[in-house]
K.L.:
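My questions all concern the structure below.
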Amino acid sequence: MRFFIQLSLILSIAFLTACGRYPQDARGTLEEALNDTLKVGVAIHEGWVMIQNDEPKGREVLLTKAFAKELNATIEWFVADESELVPLLEKGEIHMLIGGFTKNSPWKKHVGFTNPYIKVDNKQHVIAIPPGENAFLMRLEQFLNEYQNIKE
C-alpha cells in the first residue's frame, strides 16, 4: 500500500512539473514584450486611432500606452492598413493591433480578440492579438478590466 502512495505522489509531482505555467503563449508574446518592447500595429480609424504630427493619437493609443507602462515596455508603432497589419499579427511579428475593431470584425477568423472592453453605439470594441497567445490575452484582458473599473 505504501508503495502505491509513494508512486502516486511521484507521478503527481511529475505531472504538475510537466504542465509548467498555465496559460502559455505559443510564441511567447507576453514574455517578449515584458520589460522590453511592445510592438503595436496601428490601423487608422477616426476617434479610436489617428495620426497627428507623425504620432499615433486617440483612445486606443492612450489605452495601449497605459498597458505598455504596466508591462514596463516601450512601444514600437507599425502604422499601415488592416490588410497589411493582420498578416503581421498572424505571424506574431507584432504583439497587438488597434484600430477601432469590433467583435464582429471579419478579421476574427485570422486573429485573436480580447473580450469586448467598451460598447459604443451598440458596437462592442476589442483589441486584436496573435492567435494562440493565451498568457498575453489574459494579461491584456486583466488590464482592460481594471482600466474600465477605474474609469467608471
Side-chain angles (χ1 to χ4, degrees), residues 12-121 123-152:
S12 295
I13 291 170
F15 175 75
L16 291 173
T17 303
C19 289
R21 198 175 86 225
Y22 180 81
Q24 292 184 336
D25 288 337
R27 293 187 181 102
T29 298
L30 179 59
E31 201 169 285
E32 189 177 295
L34 201 58
N35 300 312
D36 200 350
T37 305
L38 181 63
K39 298 174 184 175
V40 181
V42 176
I44 307 302
H45 187 207
E46 194 63 36
W48 298 92
V49 181
M50 292 102 30
I51 301 295
Q52 295 175 348
N53 301 322
D54 295 326
E55 287 291 318
K57 304 283 185 203
R59 63 175 70 171
E60 288 189 340
V61 172
L62 293 174
L63 259 176
T64 301
K65 287 180 177 181
F67 181 57
K69 185 176 180 179
E70 181 177 294
L71 296 178
N72 191 36
T74 57
I75 301 173
E76 184 176 354
W77 303 104
F78 295 80
V79 181
D81 291 330
E82 292 175 18
S83 60
E84 296 173 63
L85 292 168
V86 168
L88 294 178
L89 193 64
E90 283 181 291
K91 295 180 214 167
E93 293 178 19
I94 58 176
H95 301 134
M96 56 190 277
L97 173 55
I98 59 174
F101 295 99
T102 61
K103 78 173 197 171
N104 297 323
S105 168
W107 296 115
K108 69 182 175 186
K109 296 175 184 172
H110 303 277
V111 300
F113 280 139
T114 62
N115 286 323
Y117 69 91
I118 192 169
K119 188 174 183 178
V120 177
D121 297 328
K123 294 180 182 173
Q124 295 180 319
H125 288 266
V126 296
I127 294 175
I129 65 160
E133 299 305 277
N134 297 320
F136 184 74
L137 175 63
M138 282 188 65
R139 183 76 176 260
L140 179 55
E141 286 186 338
Q142 178 183 9
F143 166 79
L144 292 171
N145 288 336
E146 290 172 6
Y147 189 85
Q148 186 177 21
N149 290 336
I150 292 169
K151 291 187 76 166
E152 290 178 352

K.L.:
Treating E141 as the side-chain partner and N115 as the backbone partner, does any N or O pair qualify as donor plus acceptor under 3.5 Å?
P.N.:
yes
K.L.:
Sub-3.5 Å donor-acceptor pair from the side chain of H95 to the main-chain atoms of K39, do we have one?
P.N.:
yes
K.L.:
Would you call the rings of F113 and F101 parallel, tilted or perpendicular, where under 30° means parallel and over 60° means perpendicular?
P.N.:
tilted
K.L.:
Return the orientation label for the H125 and W48 ring planes: parallel under 30°, perpendicular over 60°, tilted otherwise.
P.N.:
parallel
K.L.:
Check the pair L144, F67 against side-chain contact (heavy atoms from CB on, under 4.5 Å), reporting the backbone distance first and the verdict last.
P.N.:
CA-CA 8 Å; L144 292 171; F67 181 57; over 6 Å; no
K.L.:
Between the main-chain N or O of T29 and the side-chain N or O of E133, is there a donor-acceptor pair closer than 3.5 Å?
P.N.:
yes
K.L.:
Under the 3.5 angstrom rule, does the side chain of T114 hit a backbone N or O of I127 as a donor-acceptor pair?
P.N.:
yes
K.L.:
Taking the side chain as every heavy atom from C-beta outward, state whether L30 and L71 have any pair of such atoms under 4.5 Å apart.
P.N.:
yes
K.L.:
Ignoring hydrogens and angles, tell me if any N or O in the side chain of E60 forms a donor-acceptor pair with the backbone of G100 under 3.5 Å.
P.N.:
yes
K.L.:
What verdict does the side-chain contact (heavy atoms from CB on, under 4.5 Å) test give for V61 and T64, after you've listed the backbone C-alpha separation in whole Å, the side-chain angles of each residue and the deciding distance to 0.1 Å?
P.N.:
CA-CA 5 Å; V61 172; T64 301; 5.6 Å; no
K.L.:
Looking at V42 and L97, what are the two nearest heavy atoms and their distance?
P.N.:
N-CD1, 4.1 Å
K.L.:
Pick out which of K119, K123, K108 makes a side-chain contact (heavy atoms from CB on, under 4.5 Å) with T102.
P.N.:
K123
K.L.:
Are there more than 12 heavy atoms of other residues, nucleotides or ligands under 6.0 Å from atom CG of D54?
P.N.:
no
